[in-house]
Amino acid sequence: MIPQDRFRGLFHKYLFALFVAVAIPLAFNGVIEAWFGYRDQRARLDQWLSLQSASAAAEIHDFIHGITSQLGWLVQLPWSDEFDERRRTDALRLLRQAPAIVSLTLLDGNGLERLYISRIGLNRIESRTDRSADPALVGARAAQIWFSDVSYNRGSEPYLTVGIAGNRPAVGAVIAEVNLKLIWDVISAIKVGKTGSAFVLDRSGRLIAHPDISLVLRGAEEATSKPFRAVRDAIGSKAGFATSRDAQGHYVAASAAPVQGPDWTVVVVQPLSEAYAPIYSALWRTAMLLAISTMLAGILAYALAHRMTEPIKLLEEGTERIGAGSFDHRISIHTGDEFQRLANSFNRMASELALAQQHQERIAKLKRFLAPQVADLVDRAGDDSVLDGRRTEVVVVFCDLRGFTAFSAGAAPEDVMSVLSEYYESLGRVITKFEATLINFSGDGLMVLVNAPVPVVEPALRAIDLAIDMQTNVQALIAGWRSRGYHIGFGIGLASGPATVGRIGYEDRLDYTAIGSVVNLAARLCASAADKEILIDAKVAADVKGRRPVEDLGGREIKGFDEAIPVFGISFEALQPSGRGMPGTIR
């Protein structure tokens with residue numbers, strides 16, 4: 001089958017059209033919903049990650065700010081020439097309160113070291129080392145608070161140097177070494193979603209804070225910090241979150257926020273699968289709904305196509321059955337719509353066709369022995385009981401050709417059949433004209449009944465006119481036949497009287513006929529009639545007396561009758577304009 005054949009049937013066309021009409025809008029709606037859901041979810045994710053990164057940056061800033069605030073208390077009082085023991089006590093107390101501070105250096109207004117307190121080294125008091133050129137002091141004097149670049153102690157632990165100068169030159173400055181490893185408590189407490197985290201990079205992109213402390217201790221290594229720096233660079237300066245890969249190669253959604261002061265960057269990351277989980281769920285729900293909707297659309301389209309095409313198939317099958325002559329075929333459709341009305345119309349049409357067929361069969365049956373006009377009359381009456389057997393007055397007409405036996409014996413078969421064809425065609429028109437009943441014909445003989453089965457007015461007169469018309473028409477044919485050398489004549493016999501009429505035969509072969517002595521008499525008169533002669537019995541002659549040129553031929557011995565029968569006749573010459581007889585004369 002070629003591809004286009006699949007869609008030639010209405011079922012496939014309706015199925016495809018209905019499915020597309022339902023599935024396409026559903027798919028379009030699903031795509032639109034998915035797109036807007038994806039866009040809204042990205043907006044929410046962007047807002048949420050930005051908030052998380054800002055919050056993480058604020059917590060790191062608070063960690064640094066807590067240290068700088070406590071350092072500020074050490075530079076409130078001016079220095080004197082003598083050492084003040086309270087400063088050492090305050091410094092030791094600060095070390096206990098701020099574990100991240102590793103060492104403290106107090107400088108007077110001239111930049112001389114007056115006190116050095118350390119957790120890992122020897123303390124010094126009044127060393128008076130000139131530290132006026134120390135970058136921390138210079139930076140603190142310039143900006144009051146100064147932060148150094150992050151350094152890694154022995155290549156592992158990150159350290160930050162913080163310098164703070166007092167409000168007045170006389171109070172000097174303090175320089176603190178801060179171990180950033182202790183930011184771990186802060187960074188570990190930051191949770192981004194279920195599995196997300198945060199990390200801190202310094203200005204150059206080295207890792208200085210991460211929930212995995214082992215990574216922090218290796219932050220000075222390029223290989224360790226590179227993937228984290230790649231995430232920060234992916235975010236760049238653009239607004240919103242970015243997608244990148246973490247150190248394990250997993251896709252993450254990341255957002256960054258700066259930490260004021262040390263110029264660090266806090267980056268929060270969340271696995272992309274987790275960040276997009278609501279989107280994936282929404283897309284999955286949309287896909288499931290779309291699949292279910294498409295399946296339902298297919299089922300609906302199939303059901304509708306089947307509902308629309310099944311009645312059409314029934315109508316098509318019904319049409320073929322009706323075309324084949326099965327007029328009793330009916331269609332049963334109960335859809336309650338136009339198809340049901342169409343089926344009802346079809347059934348009515350089939351009923352009418354069945355009636356029409358019965359009518360045609362009835363007419364055909366009647367026309368077998370009735371003139372078409374008579375057959376139509378009987379049919380319109382709607383009752384063929386007139387064909388039932390009964391006894392009634394009839395006029396029987398017999399006619400045949402004279403000399404036909406000799407002619408048929410010597411003529412060619414085609415000439416014989418040609419003569420008979422012309423003969424019966426001419427007589428058929430006459431019989432039809434006078435609405436008589438053709439009973440039978442055999443060879444050149446023919447029997448016609450008048451006044452049965454349908455009664456007529458003045459049957460004798462109609463039978464006489466019928467016979468005269470027959471004689472006139474056949475004599476015209478005979479003139480032509482004689483010109484071809486055929487010696488044929490034509491005689492007619494009529495008789496009137498009671499007879500038993502009705503159908504005889506069997507179911508597949510029925511004939512309408514008349515039985516009685518009148519039939520025999522008409523047949524004998526026909527046999528006695530010469531060419532161009534019409535012989536009639538006394539009753540017919542009496543019925544047409546004075547209206548047709550009937551001649552009394554006297555009594556004749558008729559075979560089958562004991563006594564001579566009075567016979568009357570109408571000669572062909574008497575019917576001619578120069579004929580001797582006059583209409584209405586009986587001799």
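Reckoned from all heavy atoms, side chains included, excluding hydrogens, waters and symmetry mates. We count residues from 1, following the sequence as given. None of these values were measured; they are calculated from a predicted model.
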Charged N to carboxylate O under 4.0 angstrom, [X] versus [Y]?
{"X": "Lys545", "Y": "Glu551", "result": "no"}
{"X": "Arg341", "Y": "Glu338", "result": "yes"}
{"X": "Glu425", "Y": "Arg429", "result": "yes"}
{"X": "Arg548", "Y": "Asp465", "result": "yes"}
{"X": "Glu458", "Y": "Arg547", "result": "yes"}
{"X": "Asp46", "Y": "Arg39", "result": "no"}

Return the [atom1] to [atom2] distance between [X] and [Y], rounded to the nearest 0.5 Å.
{"X": "Leu45", "Y": "Leu272", "atom1": "CG", "atom2": "CG", "answer": "8.0 Å"}
{"X": "Glu557", "Y": "Ser528", "atom1": "CD", "atom2": "OG", "answer": "10.5 Å"}
{"X": "Phe19", "Y": "Leu304", "atom1": "CZ", "atom2": "CG", "answer": "13.5 Å"}
{"X": "Gln41", "Y": "Trp48", "atom1": "CD", "atom2": "CH2", "answer": "10.5 Å"}
{"X": "Ile488", "Y": "Ile478", "atom1": "CD1", "atom2": "CD1", "answer": "7.5 Å"}
{"X": "Leu521", "Y": "Ile536", "atom1": "CG", "atom2": "CD1", "answer": "11.0 Å"}

Hey, is the main chain of [Y] close enough, under 3.5 Å, to the side chain of [X] for a donor-acceptor pair?
{"X": "Asn473", "Y": "Asp469", "result": "yes"}
{"X": "Ser483", "Y": "Gly480", "result": "yes"}
{"X": "Ser421", "Y": "Met417", "result": "no"}
{"X": "Asn451", "Y": "Glu393", "result": "yes"}
{"X": "Ser326", "Y": "Ile322", "result": "no"}
{"X": "Asn347", "Y": "Arg330", "result": "no"}

Measuring only between side-chain heavy atoms, which start at C-beta, is [X] closer than 4.5 Å to [Y]?
{"X": "Ile570", "Y": "Ile464", "result": "yes"}
{"X": "Ile312", "Y": "Phe339", "result": "yes"}
{"X": "Tyr423", "Y": "Trp481", "result": "yes"}
{"X": "Met470", "Y": "Ile431", "result": "yes"}
{"X": "Glu435", "Y": "Val454", "result": "no"}
{"X": "Met447", "Y": "Val396", "result": "yes"}
{"X": "Val397", "Y": "Leu449", "result": "no"}
{"X": "Leu26", "Y": "Leu290", "result": "yes"}

Which heavy atom of [X] sits nearest a heavy atom of [Y], and at what distance?
{"X": "Val450", "Y": "Ala436", "result": "CG2-CB, 4.1 Å"}
{"X": "Leu420", "Y": "Gly443", "result": "CD2-O, 3.9 Å"}
{"X": "Ile492", "Y": "Ala467", "result": "CD1-O, 3.2 Å"}
{"X": "Leu401", "Y": "Phe490", "result": "CD2-CD1, 3.8 Å"}
{"X": "Pro453", "Y": "Thr437", "result": "CD-OG1, 3.4 Å"}
{"X": "Gly30", "Y": "Thr286", "result": "O-CG2, 3.4 Å"}

Check: Could you go step by step and tell me if Val567 and Leu525 meet the side-chain contact (heavy atoms from CB on, under 4.5 Å) rule?
Finding: CA-CA 8 Å; Val567 176; Leu525 291 174; 3.8 Å; yes
Do other residues, nucleotides or ligands put more than 12 heavy atoms under 6.0 Å from [X] [atom1]?
{"X": "Tyr424", "atom1": "OH", "result": "yes"}
{"X": "Met349", "atom1": "CE", "result": "yes"}
{"X": "Glu414", "atom1": "CD", "result": "yes"}

Next item on the list: Report yes or no: do Glu274 and Thr195 form a side-chain donor-acceptor pair below 3.5 Å?
Entry: yes
Note to self: If we count only N and O atoms by modelled type, under 3.5 Å, do the side chains of Tyr512 and Arg503 hold a donor and an acceptor together?
What the structure shows: no
Margin query: Taking side-chain hydrogen bond (donor to acceptor under 3.5 Å, both in side chains) as the definition, give me every residue that meets it alongside Asp328, ordered by chain and number, with sequence neighbours left out.
Written below: none
Note to self: Checking Arg390 now: which residues fulfil side-chain hydrogen bond (donor to acceptor under 3.5 Å, both in side chains) with it, not counting sequence neighbours?
What the structure shows: none
Checklist line | Worked check of side-chain contact (heavy atoms from CB on, under 4.5 Å) between Gln471 and Ile534 | finding: CA-CA 8 Å; Gln471 193 63 270; Ile534 302 173; 4.0 Å; yes
Note to self: Set out, in order, the CA-CA distance, both residues' side-chain angles and the distance that settles side-chain contact (heavy atoms from CB on, under 4.5 Å) for Val269 and Val192, then state yes or no.
What the structure shows: CA-CA 7 Å; Val269 295; Val192 182; over 6 Å; no
Item checked: Verdict with supporting geometry, Glu422 and Arg484, salt bridge (Lys or Arg N to Asp or Glu O under 4.0 Å) -> CA-CA 14 Å; Glu422 296 173 2; Arg484 287 184 280 175; 3.6 Å; yes
Next item on the list: Name the orientation class of the two ring planes belonging to Tyr486 and Phe407 (parallel below 30°, tilted from 30 to 60°, perpendicular beyond 60°).
Entry: tilted
Margin query: Below 30° counts as parallel, above 60° as perpendicular, anything between as tilted: where do the rings of Tyr276 and Tyr280 land?
Written below: perpendicular
Note to self: I'd like to check the ring pair (Phe, Tyr, Trp, His ring centres under 6.0 Å) partners of Phe327; sequence neighbours left out, ordered by chain and number.
What the structure shows: none
Checklist line | Worked verdict on Thr309 versus Lys13 for side-chain contact (heavy atoms from CB on, under 4.5 Å) | finding: CA-CA 10 Å; Thr309 56; Lys13 291 180 180 177; over 6 Å; no
Next item on the list: Please test Arg44 against Gln47 for side chain to side chain donor-acceptor pair (under 3.5 Å), starting from the C-alpha separation and ending with a verdict.
Entry: CA-CA 5 Å; Arg44 287 193 292 270; Gln47 184 179 12; over 6 Å; no
Checklist line | Reference residue Val430; test side-chain contact (heavy atoms from CB on, under 4.5 Å); the match among Leu466, Val474, Thr472 | finding: Leu466
